[in-house]
Structures are given as structure tokens and as C-alpha cells.
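Just so it is clear, the structure is predicted and the values come from calculations on it, not from any experiment.
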Amino acid sequence: MMSSRMAGSALIRQLGPRLFSAGATRAAAAGEPSYTLLLTGSAGQATAKPPVAALMRLFPARMASTTAATPAVGGEEESDPSKSAAAAKEASAAPPNERKAITSYWGINPNKVVKEDGTEWRWSCFMPWETYKADLTIDLKKHHVPTTFLDKLAYWTVKTLRIPTDIFFQRRYGCRAMMLETVAAVPGMVAGMLLHLRSLRRFEHSGGWIRALLEEAENERMHLMTFMEVAKPRWYERALVIAVQGVFFNAYFVGYLLSPKFAHRVVGYLEEEAVHSYTEFLNDLDAGKIDNVPAPAIAIDYWRLPRDATLKDVVTVVRADEAHHRDVNHFASDVHYQGMNLKEAPAPLGYH
């Protein structure tokens, strides 16, 4: 039986001249070397250029480019790369107000987003209509007393997790906040995703809980984006985030599948600890142990803070957000404890 290598060689010998004969004819007419000899094995002009040149002729770079060809006079493509490079350099050197706006795939010009005062909106990760003023009147001392076995298990699980966190970060609250927000943004996304899939499987609405939980995850992520401007993470802290997030995501995913009321209760107690941590953060700011630096620009726009806002103002509104997430998750757990699904109790929308 003929081996696969011998069969391939025979196929190339039979089809090679036919496939490339037309190209060779055109090349000979233009006075260019023929590359069909690479396949036939004959000597001649095939050795004038390396095989890469033949492949470049067979597969032009234009076919692999995602940039549209620049038409020249007479409808032909511009073939001079130096002219294209000069045009690109000239475009990049133009003032920002004279540059052409980048269009989408469908050629639709993006709308210019402005703030209430008419100035241009600088952020692409959130829009002006997604900003809000935090409710600072929320009760910060509220605590859900654990009574059932699952409540006590959730409570002591969170207390146990706090021990290594205190040892690692101690009173470096900027780094602590940045690290914990990478974890705090996971539960809302996991729960919202699972409720979303449940809604699709059962052809039912969610009572607004999908949106509420995804808003919670997005809000926690904005906390992270803010504290990234305050505390720059070290390489080992970034590595720790990857490890902790990987473990916590899978653990919470399985936990929510097994018992949503336990999962929401865990988050409720996590948020209680977050409120406590941010209160300690504020105490150190008031005592002068941490510099009360100006608030990051992203925080000023997201929470509609005054232009002269400081880090203390940012921590204050973040603490209020955490208190709201605490109440939402304890409420969700209570709904499950009463034997109902979340869709039967309207979600507390409208906070953000």
C-alpha cells in the first residue's frame, strides 16, 4: 500500500504544474522569474529568489490585512507602502479636535457623550446616566443575628476568612480594599448568571433580581477601579488575586447551586465585615495615619462628588454601597428561608 508521504508527493507532482502554470505564464510575460519550478524540480530561475518570495506572490499580504485598501487614481489600490506610512503618520500628528472619529464595524459614528455642564465625558467604562449619589443615611450598624445552623455556618465562615486577611494586610487599608473588591465583585456576577440561566430554562421572569445582582457586581468593580488609583498593587498581590478569585468563584458557584440562602447569607456577612473595614479606614484617615489625598477623577464622576473631594469622601460613599449590598443579600437569603423564590419578591432596584 502506498504510504501517505508517497501519495502526497505524487499528488504535488501531478497538480503542481497545473495550479501554477497560469501564474508562471503571467510572470514570464512580465519578465519576472517563474516559481512553478519549485514544484517540478527543474533548474532555472526558481533559484533566483527564496521560496518565501513565491509564497508572498501566491498569498499577498493584502488578503490577510484588516485595513481597507486605499484607492489610487483610476480606482487601483495604492501599492507604495511609504505613502501609506506617511499618511498614517500625518493623521496621528493632527490635533485631537481635527482627527476623524473612529467608527464601528458598521460605519456608524459614535455619539458624543457630554456631562450636564456640557464638557466631554471622559470615561468609556460607565456613562453619565449610570452615576449616582450614594445614600449616606443608611444604617451602618445593622447586623443579622445568626439563629439557624446555616446562618451560624455562614457567619463563622466569614469570621474565619477574615483572620488571614488581617494578618496579610494588617492596617494597609488601601491595598486591603483593592484586594477585597476583586473578591466582592464575584458573588453578584455568579448569582446573576445562574438566575439568568434559570430564567431561560424555565421561561420565567426573575423579579428584577438578575439586574439587581449584576448591578451589585458592577458597583463592586467600580470600587476596584477607584482604589486602583489610590493603591498600586505589587506583583505578589496580583498573583494572590488570581489564586483567591479562582478558588472563591468556584466555591461560590457550587455553594449557590446547593443552597442560595446560604450563599446570600455569606455575602451578607462579608458586606458587614466590609462596612467594619471601611469604618476603620475612615478612623485612620481622621487620625492622620493615612494621607487624605484628593479623590481620583473616576470616583468624582461616578459618585457625583464635588471637585474638591478627598479620599475620605470616597471611602464614605463606598462604605454606604457596601451597607446596601449587605441589606440586599440578607433580604435575598430571608426570601429563600421563607420558602419562596426570589422572583416572588421584587428586587430592591433603583439604588444605583
Side-chain angles (χ1 to χ4, degrees), residues 115-117 122-123 125-144 158 162 165-166 169-188 212-213 215-233 267-331 348-352:
K115 294 191 289 188
E116 295 177 353
D117 57 3
R122 71 173 80 180
W123 313 106
C125 54
F126 66 100
M127 293 292 112
W129 51 86
E130 297 173 334
T131 63
Y132 65 99
K133 285 184 174 293
D135 181 14
L136 302 181
T137 63
I138 192 168
D139 186 1
L140 300 174
K141 298 181 179 180
K142 189 182 297 184
H143 168 63
H144 183 277
V158 173
R162 185 184 176 95
T165 305
D166 290 340
F169 291 103
Q170 298 182 4
R171 303 193 71 84
R172 294 185 296 122
Y173 287 107
C175 295
R176 183 193 191 103
M178 179 195 61
M179 171 67 183
L180 294 182
E181 295 298 348
T182 64
V183 175
V186 171
L213 293 170
E215 281 185 352
E216 175 185 317
E218 174 64 12
N219 181 246
E220 298 283 11
R221 191 184 67 84
M222 289 305 301
H223 294 174
L224 173 63
M225 296 298 103
T226 297
F227 285 110
M228 282 288 294
E229 301 294 328
V230 177
K232 304 299 182 182
V267 179
Y269 287 128
L270 281 174
E271 300 297 356
E272 288 186 15
E273 295 297 328
V275 172
H276 174 73
S277 296
Y278 283 117
T279 300
E280 294 294 320
F281 197 165
L282 288 172
N283 292 337
D284 282 1
L285 284 169
D286 292 334
K289 298 179 181 179
I290 301 176
D291 293 336
N292 191 22
V293 297
I298 190 173
I300 292 175
D301 286 339
Y302 184 68
W303 282 284
R304 302 179 188 173
L305 298 174
R307 291 299 159 193
D308 59 348
T310 62
L311 179 59
K312 180 179 178 180
D313 299 317
V314 174
V315 176
T316 301
V317 294
V318 169
R319 183 179 62 173
D321 287 348
E322 304 293 4
H324 171 71
H325 301 325
R326 171 203 63 193
D327 295 346
V328 169
N329 281 275
H330 279 315
F331 172 60
L349 294 172
Y351 176 77
H352 297 127

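Atom-to-atom distance recorded for Met225:CE and Glu218:CD is 9.0 Å, nearest 0.5 angstrom. Leu270 contributes atom CG, which lies 9.0 Å from atom CG of Leu180 (distance to the nearest 0.5 angstrom). A distance of 9.5 Å separates CZ in Arg122 from CD1 in Ile298, rounded to the nearest 0.5 Å. The structure places CD1 of Ile138 at 5.5 Å from CZ of Arg326, a figure rounded to the nearest 0.5 Å. To the nearest 0.5 Å, atom NE2 of residue His324 and atom CD of residue Glu271 are 10.0 Å apart. The distance from the CD atom of Glu216 to the CD atom of Glu322 is 8.5 Å, given to the nearest 0.5 Å.
Closest approach of Gly268 to Asn329, counting heavy atoms only: N-CB, 3.8 Å. Nearest approach of Val314 to Pro296, heavy atoms of both residues: CG2-CD, 4.2 Å. Among all heavy-atom pairs drawn from Ala134 and Trp303, the shortest one is CB-CD1, 4.2 Å. A pairwise comparison of heavy atoms in Ala299 and Leu305 identifies O-CD1, 3.8 Å as the closest pair. Nearest heavy-atom pair across Ala320 and Asp135 is CB-O, 3.6 Å.
You'll find the side chain of Val318 stays beyond 4.5 Å of the side chain of Thr226, heavy atoms only. Within the 4.5 Å cutoff, the side chain of Tyr269 has heavy atoms near those of the His330 side chain. With contacts defined as side-chain heavy-atom distances shorter than 4.5 Å, the pair Tyr132/Asn219 qualifies. Counting only heavy atoms from C-beta outward, the side chains of Thr310 and Asp313 approach each other to under 4.5 Å.
Ring pair Tyr278/Phe227 is parallel by interplanar angle, where below 30° counts as parallel and above 60° as perpendicular. Relative orientation of the His223 and His325 rings is tilted, given thresholds of 30° and 60° on the angle between their planes.
Residues passing the salt bridge (Lys or Arg N to Asp or Glu O under 4.0 Å) test with Arg319, sequence neighbours excluded: none. Applying the side chain to side chain donor-acceptor pair (under 3.5 Å) test to Glu273 and every residue at least two apart in sequence or in another chain returns Lys159, Arg162. With sequence neighbours excluded, the residues satisfying side chain to side chain contact (heavy atoms under 4.5 Å, CB included) with Leu224 are Met178, Glu181, Thr182, Met228. Taking the side chain to side chain donor-acceptor pair (under 3.5 Å) definition, one finds that His143 meets it with Glu272, sequence neighbours left out. Annotation: salt bridge (Lys or Arg N to Asp or Glu O under 4.0 Å) contacts of Glu229 (sequence neighbours excluded): none.
The backbone N or O of Lys289 lies less than 3.5 Å from no partner atom in the side chain of Asp284, so there is not a single donor-acceptor pair.
Residue pairs meeting the salt bridge (Lys or Arg N to Asp or Glu O under 4.0 Å) criterion with at least one member in residues 291-301, sequence neighbours excluded, are Lys115-Asp301, Asp301-Arg307.
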Could you walk me through whether Glu220 and Asp321 satisfy the side-chain contact (heavy atoms from CB on, under 4.5 Å) test, starting with their C-alpha distance in whole Å, then the side-chain angles of each, then the deciding distance to 0.1 Å, before giving a yes or no? CA-CA 9 Å; Glu220 298 283 11; Asp321 287 348; over 6 Å; no

Dump the intermediate steps for side-chain contact (heavy atoms from CB on, under 4.5 Å) on Val230 and Leu311, then the final yes or no. CA-CA 8 Å; Val230 177; Leu311 179 59; 4.0 Å; yes

